[in-house]
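Remarks on the structure that follows.
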Amino acid sequence: MSKLSDCEPLQKRDSITPRAYVKSYCCCCMFDQRREDPALFDEENIRYRAFFGTMHIREVLLVLTIIKTILVFSFLFLQVMDTESPLGIFSATFAFLTVCITNVLLVAGVRLKRYIFLIPYFTVCVLFIFVLILHLFVDFLDTANSKDTVEMQPILHNTVLLFMICFEFYMLSVVWRAFVYICDSNMQRQIEKIEKKKSMVKRSFDIEYDLVRNEIIRAEVKANEEFSV
């Protein structure tokens, strides 16, 4: 009985609070963690939550994709306003449409529990982070060469870029957690199908066994009647 209680999911014995979330993920080496049975899938497990355990990743990803779309649109709109090149406008439009498509696939993949829909986001996200880091590095060098580093506009611009980079890293970690959630959910579904199939096979076998056993009993009864006659 004690072994079963040790393997109960964490959130069924402790309320999901920011303290429990930080204790599980940030201070896991300092505290003795309760063991969990990896074969048990729980929809509301603390591993599938974000924002310090306050929201499930399904709701978190919807909020993050909306925020990201607004941020990317604002950033690219400001970049287009600063340039008159048709190539720059085309590049900004293509980047915005790519981000929108990957965000739609991301939300649909989590809702439908199809991990294949999350793969395009990983590719675009890594490229987007690389472009933002490169853009921040180039802008910082330009402001350093022009001695405008301490002015308000370059500081605000670099701060926004740095915030977007941190935001992308956090969203990437949440999407990876969603990927694990979808894989665990699909695995649980496959296990339930296998168990259901086994139970159906066992039930059919029991029915056939009962039929054969009844036939043998009737044959024995008939043989006894004939022998007594």
Side-chain angles (χ1 to χ4, degrees), residues 1-72 99-100 102-129 132 162-196 198-199:
M1 188 68 180
S2 60
K3 291 183 179 180
L4 293 176
S5 62
D6 290 339
C7 293
E8 292 179 357
L10 179 63
Q11 75 282 358
K12 288 189 175 181
R13 290 171 293 166
D14 297 334
S15 59
I16 302 176
T17 60
R19 180 181 178 182
Y21 184 88
V22 174
K23 183 178 177 181
S24 298
Y25 285 95
C26 301
C27 306
C28 58
C29 298
M30 299 173 60
F31 299 94
D32 184 18
Q33 301 295 314
R34 293 186 176 94
R35 294 174 297 170
E36 298 182 12
D37 189 355
L40 297 177
F41 173 76
D42 195 342
E43 190 83 13
E44 298 298 329
N45 195 291
I46 197 172
R47 295 177 298 176
Y48 312 133
R49 305 183 74 87
F51 287 162
F52 297 100
T54 55
M55 296 177 63
H56 198 276
I57 54 175
R58 295 190 304 269
E59 290 76 19
V60 170
L61 282 179
L62 181 60
V63 175
L64 291 179
T65 51
I66 295 174
I67 295 175
K68 180 180 178 180
T69 304
I70 296 174
L71 289 176
V72 172
V99 170
C100 291
T102 54
N103 287 342
V104 171
L105 289 175
L106 177 62
V107 175
V110 175
R111 294 293 177 178
L112 300 176
K113 296 182 179 180
R114 302 288 181 86
Y115 68 89
I116 194 68
F117 289 171
L118 274 63
I119 295 178
Y121 175 82
F122 286 115
T123 305
V124 174
C125 183
V126 171
L127 293 176
F128 192 59
I129 291 174
L132 288 176
L162 184 61
F163 171 77
M164 292 182 67
I165 293 171
C166 296
F167 179 83
E168 282 297 320
F169 273 112
Y170 179 75
M171 190 168 178
L172 184 63
S173 67
V174 175
V175 174
W176 174 254
R177 199 173 300 171
F179 182 82
V180 175
Y181 161 74
I182 294 172
C183 292
D184 292 345
S185 178
N186 292 338
M187 184 179 298
Q188 178 67 21
R189 193 181 309 168
Q190 293 296 327
I191 292 175
E192 291 177 355
K193 288 182 180 179
I194 293 174
E195 291 179 351
K196 184 178 180 181
K198 286 183 178 180
S199 63

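Not measured: the values here are computed from a predicted model.
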**Q.** Stepwise side chain to side chain contact (heavy atoms under 4.5 Å, CB included) check, F122 with V126
**A.** CA-CA 6 Å; F122 286 115; V126 171; 5.5 Å; no
Q) CD1/I67 to CG/N103 distance, rounded to the nearest 0.5 angstrom? A) 11.5 Å
Q: Output the distance between atom OG1 (T102) and atom CG (L118), rounded to the nearest 0.5 Å.
A: 10.5 Å
(Q) I need the minimum non-hydrogen distance between L105 and P120, along with the two atoms involved. (A) CD1-CG, 4.1 Å
Q. Any side-chain heavy-atom pair from L61 and V107 closer than 4.5 angstrom?
A. no
Q. Measuring from Y181:OH to D184:CG, what's the distance to the nearest 0.5 Å?
A. 10.0 Å
Q) Which atom names give the shortest non-hydrogen contact between V174 and A50, and what distance separates them? A) CG2-CB, 4.3 Å
**Q.** K196 side chain reached by E192 side chain, heavy atoms, under 4.5 Å
**A.** no
Q. Which heavy atom in I57 sits nearest to a heavy atom in A178, and how many Å separate them?
A. CD1-CA, 3.3 Å
Q. Any sub-3.5 Å donor-acceptor pair from R177's side-chain atoms to R49's backbone N or O?
A. yes
Q: Evaluate whether atom CZ of R189 has more than 12 neighbouring non-hydrogen atoms of other residues, nucleotides or ligands under 6.0 angstrom away.
A: yes
Q. How far apart are the closest heavy atoms of K68 and F167, and which atoms are they?
A. CB-CE2, 3.7 Å
Q) Taking atom CD1 of I182 and atom CE of M187, what is their separation to the nearest 0.5 Å? A) 13.0 Å
Q: Tell me, with the steps shown, if M171 and T65 meet side chain to side chain contact (heavy atoms under 4.5 Å, CB included).
A: CA-CA 9 Å; M171 190 168 178; T65 51; 3.5 Å; yes
**Q.** Residue pair T69 / C100: nearest heavy atoms and the distance that separates them
**A.** CG2-SG, 4.1 Å
(Q) Rounded to the nearest 0.5 Å, what separates atom CD in E168 from atom OG in S173? (A) 11.0 Å
Q. To the nearest 0.5 Å, how far apart are CD in Q190 and OG in S185?
A. 10.5 Å
Q. Can you name the residues that form a ring pair (Phe, Tyr, Trp, His ring centres under 6.0 Å) with F117, not counting sequence neighbours?
A. none
**Q.** With F179 via ring pair (Phe, Tyr, Trp, His ring centres under 6.0 Å) - residues at least two apart
**A.** Y115, W176
